[in-house]
Amino acid sequence: MTTPEPLDKSFNHQAAEARLYQWWEQSGFFKADPDAPGQPFVIVIPPPNVTGNLHMGHALDETLQDILARYHRMIGHNTLWLPGTDHAGIATQNVVERALAAEGSSREALGRDKFVERVWQWKKEYGDNIVRQLRRLGASCDWSRERFTMDEGLSRAVREVFVTLYEQGLIYRGHYITNWCPRCRTALADLEVEHEDHKDQLYYITYPIVGSDLDSLVVATTRPETLFGDTAVAVNPADARYQAFVGQQALVPLTGRAVPVIADSYVDMEFGTGALKVTPAHDPNDYKLGQTHNLPAIRAIEDDGRLSPAAGDYAGLDRFEARREMTAALEAKGYLKKIEPLTHAVGVCYRCKTVVEPNLSPQWFVKTETLAARAAQAVRSGATSFVPQNWENTYFAWMDNIRDWCISRQLWWGHQIPAWHCRECGQTVVSREDQLACPYCGGDLERDPDVLDTWFSSALWPFSTLGWPDQTKDLARYYPTTALVTGHDIIFFWVARMMMMGLHFMGQAPFKTVIIHALVKDAEGRKMSKSKGNVVDPLLVIDRCGADAFRFTLCALAGHGRDIRLSDDRIAGYGKFVNKLWNAAKLVLTNVGEAALTDSPPAPVSLPDRWLQSRLGQVAAQVRAHLDEFYFDRVADTLYHFVWDEFCDWYLELIKPILYGDDLPARSATQAGMLQSLSAILRLLHPVMPFVTEELWQKIPGGPALSPSIMLAAFPGQVFEDRSAEASIGFLMDVTRAVRSARADFGVPLNQKLAPLVKTAEPALAAALAEYSPLLLKLMGAESITLSEAGLAKPLDAALAAFPWGEVWIPLAGHIDLAEEAGRLAKELATLARDIKAATAKLGNPDYVGKAPEEIVEETRDRLAAMETRSQALSRSLDMLKEMGA
RNA sequence: GGGCGGUUAACUCAGCGGCUAGAGUAUCAGCCUUACAAGCUGGGAGUCAAGGGUUCAAAUCCCUUACCGCCCACCA
């Protein structure tokens with residue numbers, strides 16, 4: 001790996017990203033080796049739809065996974081991040097159907113085989129799109145293990161699972177009322193139906209009682225168009241108004257058909273008229289009533305949403321047109337009593353938002369009760385846990401009230417159900433091998449035309465991708481996986497089902513931790529959607545700001561909340577951080593002299609180096625802890641502030657006089673120290689910002705020799721600690737800031753050098769100042785810094801800053817406005833007095849002293865003492881100023 | 001109908017029993033100090049939604065209310 005030598009003015013992400021990624025991938029750095037040592041760390045990617053384009057949700061998801069994968073590689077774990085894509089049944093079929101429509105063709109015109117062939121062709125052409133886009137983010141997936149939910153191996157797993165569950169009685173087929181999408185022409189699982197509030201109308205329709213010219217029942221319905229499917233009118237048995245009618249026949253208007261009046265406590269007496277028309281073929285509740293009361297089911301609406309031949313004159317009309325026309329006819333004939341507005345929830349298809357039509361049809365189901373009980377138990381026992389934990393409640397709420405899962409879809413793209421129906425004897429055969437003749441009667445078999453719900457194959461993803469049902473080395477080494485990273489929108493669709501299938505077929509939950517991240521919203525908190533036109537394309541962001549800035553932003557925003565508001569400002573801010581890092585590295589690298597990284601770095605000697613390395617150790621420990629607990633935002637925050645506020649603002653500024661000075665031994669020691677620190681910083685940042693850190697690593701003397709890629713370098717840990725160096729630097733910072741602050745307060749120009757006096761009773765600090773004050777002169781614009789035991793003995797034209805460790809006097813002859821300084825001191829004294837009073841009162845409270853933990857009380861005592869010392873110094877100074885006539 | 005979140009500086013958020021409630025952005029003042037003006041230095045800014053309670057101690061725990069948002073749900 002070679003990179004252009006002189007360090008550019010800024011990081012050229014556009015040139016570097018593609019070059020580095022290609023090099024990583026070709027070098028095999030992403031590849032997992034089951035034979036390698038190390039505790040396994042495994043993530044399977046939530047497979048994006050093959051039809052998809054990379055959106056913000058993926059970008060966040062993949063970034064977090066990549067951060068974890070890179071971190072775990074660097075701490076020596078045997079890391080596998082397995083990528084792949086999902087065939088996305090309805091979505092993909094829709095895309096290809098639209099393409100066909102544009103050509104003036106259709107799937108029906110093509111026929112099933114040709115159509116499926118066509119989809120495969122489409123997949124071949126466009127299916128790599130999304131995985132190419134993932135690479136742009138820097139995703140370190142093991143591409144040699146990339147899988148597709150419909151590839152050969154996974155298809156075998158699907159078939160094995162289906163047949164096994166069928167044999168175990170956990171899959172069954174039957175005529176049930178299911179959610180039907182008339183546009184997609186397929187059944188949907190309950191989960192795939194979304195509920196929207198619609199403003200509709202409630203129609204009151206008169207049903208005359210047969211054999212009576214006077215008596216009639218009025219039913220209230222939102223769906224007059226289903227009237228041709230009515231097979232009863234139901235009332236509550238306790239309803240005095242209708243008791244006389246129970247058992248009689250009512251005439252369904254427009255049909256001339258009579259239906260029984262039945263009594264069932266299900267009917268709500270308060271709603272509408274308390275009388276309900278019963279349409280078992282088009283309403284789940286009515287279906288149940290039909291079962292209990294042995295009512296026939298008449299389909300009034302066909303699969304395409306048009307009225308069936310049972311609707312007589314209205315047959316062939318779209319259901320909503322039929323509603324209008326039938327309402328008009330009812331009114332004309334005097335059956336329509338009134339219409340009331342009604343707002344109610346209507347089910348719509350999650351893919352196309354078409355109003356769902358409950359429909360009676362033969363479908364396949366998974367019996368979920370026992371599977372779900374075990375899956376819930378795995379989380380209750382802690383075998384698997386959610387982060388943040390409150391999502392477990394959501395998971396339980398669903399698992400504990402789960403209903404059977406409708407898995408058959410009337411689509412052509414997907415895993416065709418391995419079942420055959422005999423044309424002769426009507427038996428059904430479910431089999432691992434294709435069947436040619438009926439094993440019962442030898443008759444002709446017809447394969448079940450349905451395919452499986454897409455989520456059925458993704459439910460197997462954590463083990464099917466590792467080679468199951470074969471007992472592969474990967475499966476043995478990498479199952480169960482370690483962490484799953486996904487959004488809360490698919491906890492039910494995907495996470496819950498993987499839990500059920502993983503436990504059932506592998507005997508162990510598929511992952512130890514489920515990390516649920518927020519959903520990415522726009523800057524105003526709105527969901528990003530094409531129709532709103534507020535979609536931000538991650539690829540454009542990467543082009544403009546670079547993958548590193550983008551990833552850092554996502555990491556910084558990935559707190560444990562529910563949504564993330566992504567704004568350009570924020571990304572731009574972290575873009576500046578990348579630039580800051582680059583420039584800091586440039587400073588270090590252009591001043592390294594002969595220093596180079598080695599296996600065994602020398603211990604730091606100078607105070608700045610001891611301090612920085614000590615802080616570095618703490619930061620490394622914090623970053624590790626935050627990554628181990630998946631607090632991504634804290635990782636970003638900790639690193640950002642350490643690099644910018646401590647490394648750049650203080651450390652680099654402190655060592656400049658040494659680097660530019662002529663004390664050669666001190667200079668070379670510092671050169672070694674700063675290179676060491678830079679190397680650690682790059683490694684700490686690498687999981688979040690892989691590109692810029694690799695680019696810089698390649699330029700570090702001795703870096704590539706130590707580790708060809710930063711990806712393979714060791715993640716820093718806490719190896720050095722020096723509390724006294726930290727205390728000394730903190731003191732030097734206090735002094736520096738006091739002088740800067742006084743300069744700003746009194747408007748002293750920078751070119752006028754100051755000569756502050758420092759008073760402290762602590763010998764270690766005094767010694768640090770004596771030795772290192774030359775490093776501070778430039779930072780505060782001073783010509784000298786004098787240690788003075790007495791502080792200022794006599795009144796002087798000076799500003800005072802008081803600290804727990806002592807005082808800084810800044811003589812400002814000619815600049816100081818005595819009245820202003822007196823005012824400043826008085827203000828500070830007032831706040832101090834208030835705090836002292838509060839602390840004194842606290843310590844005077846026997847309950848506080850008696851009940852609060854000793855260290856808390858001790859802390860308050862220390863604080864009070866420090867405040868009193870400061871207060872005394874300030875009031876002394878105020879007195880002096882007053883003497884001078886302020 | 002059931003459940004879950006949120007309400008902290010102008011904006012976006014962190015803090016979830018104990019340092020003087022923090023950060024980024026924005027803002028104000030002063031600086032081209034040879035890594036970086038994509039920068040440096042200094043400053044201002046908050047009744048922690050409202051009310052009540054528990055506690056020595058509450059932004060943090062409990063209750064009530066208000067307003068936002070999300071999820072689940074077969075009352076036509």
Side-chain angles (χ1 to χ4, degrees), chain A residues 7 9-10 177 179 190-191 193 195 202-203 219-223 226 234 266-268 270-273 275-279 283-288 342 344-345 347 358 390-391 393-394 397-398 401 403 488-489 491-492 519 523 525 527 556-557 559-567 569-570 572-591 633-634 637 640-641 648-649 652-653 656 660 737 740-745 747 749-751 778-781 831-832 834-835 838-839 842 845-853 855-857 859-860 862-863 867:
Chain A
L7 228 57
K9 198 162 166 51
S10 59
I177 198 146
N179 310 292
D190 296 323
L191 258 185
V193 177
H195 296 271
L202 187 61
Y203 303 85
V219 305
T221 180
T222 52
R223 306 205 52 203
T226 62
Y266 161 76
V267 181
D268 180 357
E270 308 294 317
F271 188 90
T273 59
L276 171 73
K277 73 187 216 40
V278 183
T279 321
D283 184 280
N285 295 305
D286 293 10
Y287 177 74
K288 258 185 223 156
L342 178 77
H344 65 149
N390 59 298
W391 289 111
N393 292 328
T394 307
W398 194 68
N401 297 289
R403 288 185 292 155
H488 59 76
D489 51 339
I491 290 178
F492 306 144
L519 302 181
K527 206 167 174 171
L557 293 174
H560 285 183
R562 294 210 168 191
D563 32 58
I564 286 178
R565 295 192 184 193
L566 193 69
S567 72
D569 285 357
R570 198 80 192 241
Y574 291 118
K576 291 181 184 180
F577 180 62
V578 174
N579 183 250
K580 187 76 180 175
L581 177 70
W582 181 266
N583 277 288
K586 188 159 85 182
L587 173 67
V588 171
L589 294 175
T590 49
N591 289 288
D633 53 337
R634 296 181 194 178
D637 201 57
Y640 182 94
H641 285 109
C648 293
D649 286 354
L652 290 179
E653 295 303 333
K656 273 180 187 173
Y660 301 150
R737 277 194 277 248
R740 284 171 173 172
S741 187
R743 177 189 293 280
D745 283 349
L750 255 179
N751 58 16
K778 192 154 187 217
L779 298 188
M780 59 175 76
T831 26
L832 217 42
R834 194 197 61 201
D835 293 346
K842 219 174 184 184
N845 180 348
D847 279 335
Y848 174 69
V849 179
K851 291 184 188 172
E855 62 268 25
I856 297 290
V857 177
E859 217 174 274
T860 310
D862 290 349
R863 196 160 55 85
M867 286 192 297

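Worth saying up front: this structure is predicted, and the values here are computed from it rather than measured. Proteins get letters first, then strands, A, B, ... in listed order; numbering begins at 1 in each.
Rounded to an integer number of Å, the gap from NE2 of His195(A) to P of rC72(B) is 8 Å. Whole-Å rounding puts the Phe492(A) CZ to rC71(B) C1' distance at 7 Å. In this entry the distance linking CG of Asp835(A) with P of rC19(B) reads 13 Å, nearest Å. A straight line from CG of Asn579(A) to C1' of rG39(B) spans 9 Å, rounded to a whole angstrom. Rounded to a whole Å, the NE2 atom of His488(A) is 14 Å from the C1' atom of rC72(B). Counting to the nearest Å, the P atom of rG1(B) and the CZ atom of Phe271(A) are 14 Å from each other. Between the NZ atom of Lys842(A) and the C1' atom of rA58(B) there is a distance of 12 Å, rounded to whole Å. Spacing between atom CE of Met867(A) and atom P of rU20(B) amounts to 8 Å, rounded to whole angstrom units.
When distances are taken from the side chain of Arg737(A) to each of rU41(B), rG18(B), rG42(B), the shortest belongs to rG42(B). Listed nucleotides rG18(B), rA35(B), rU33(B) differ in distance to Asn583(A); the shortest reach to its side chain belongs to rA35(B). The side chain of Asp745(A) approaches rG42(B) more closely than any other nucleotide in the set rG18(B), rG42(B), rG39(B). Listed nucleotides rU25(B), rC31(B), rA35(B) differ in distance to Leu587(A); the shortest reach to its side chain belongs to rA35(B). The Thr222(A) side chain lies nearest to rA76(B) when the options are rG42(B), rC19(B), rA76(B). Out of rC56(B), rA73(B), rA76(B), the shortest distance to the side chain of Tyr848(A) is found at rC56(B). When distances are taken from the side chain of Lys9(A) to each of rA37(B), rA35(B), rU33(B), the shortest belongs to rA37(B). With distances taken from any side-chain atom of Lys656(A) to the nucleotides rA35(B), rG18(B), rC75(B), the minimum falls on rA35(B). Residue Asp637(A) places its side chain closer to rA23(B) than to any other of rA23(B), rA35(B), rU41(B). The side chain of Ser741(A) lies closest to rG43(B) when the candidates are rG24(B), rU34(B), rG43(B).
Using bins of under 30°, 30° to 60° and over 60° for the plane-to-plane angle, the ring pair His488(A)/Trp391(A) lands in the parallel bin.
Toward the 5′ end of RNA chain B lies the nearest nucleotide of Lys576(A), the other residue of the pair Lys576(A) and Asn845(A) mapping further downstream. Annotation: of the two residues near RNA chain B, Val267(A) and Arg570(A), the 5′-most nearest-nucleotide partner is Arg570(A).
Proximity of Ile177(A) to Pro284(A): side-chain heavy atoms (C-beta onward) are separated by under 4.5 Å at one or more points. Counting only heavy atoms from C-beta outward, the side chains of His344(A) and Leu202(A) never approach each other to under 4.5 Å. Contact check for Ile491(A) versus Trp398(A): no side-chain heavy atoms found under the 4.5 Å cut-off.
OP1 or OP2 of rG42(B) has at least one side-chain nitrogen or oxygen of Arg740(A) nearer than 4.0 Å. Residue Tyr660(A) places at least one side-chain N or O under 4.0 Å from the OP1 or OP2 atom of rA35(B). Contact annotation: Arg565(A) reaches the phosphate of rC13(B) (side-chain N/O to OP1 or OP2, under 4.0 Å). Look at Lys586(A) and you won't find any side-chain N or O under 4.0 angstrom from OP1 or OP2 of rU34(B).
For Asn591(A) (side chain) and Leu587(A) (main-chain N/O), a donor-acceptor pair under 3.5 Å exists by modelled atom type. In this structure a side-chain-to-backbone donor-acceptor pair under 3.5 Å is missing from Arg863(A) to Ala839(A). Of the possible polar contacts, none joining the Arg565(A) side chain to the Leu557(A) backbone as a donor-acceptor pair under 3.5 Å is found.
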TODO: Check step by step if side chain to side chain contact (heavy atoms under 4.5 Å, CB included) holds for Leu652(A) and Val588(A).
DONE: CA-CA 8 Å; Leu652(A) 290 179; Val588(A) 171; 4.0 Å; yes
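In plain terms, the two heavy atoms of Arg740(A) and Met780(A) that are nearest each other are CG-CA, 4.4 Å.
RNA chain B forms stems at B:1-7 with B:66-72, B:10-13 with B:22-25, B:27-31 with B:39-43, B:49-53 with B:61-65, each a run of 3 or more consecutive Watson-Crick or G-U wobble pairs whose two key distances fall under 3.5 Å.
Between the side chain of Glu653(A) and the base of rA35(B), at least one donor-acceptor pair of N or O atoms lies under 3.5 Å.
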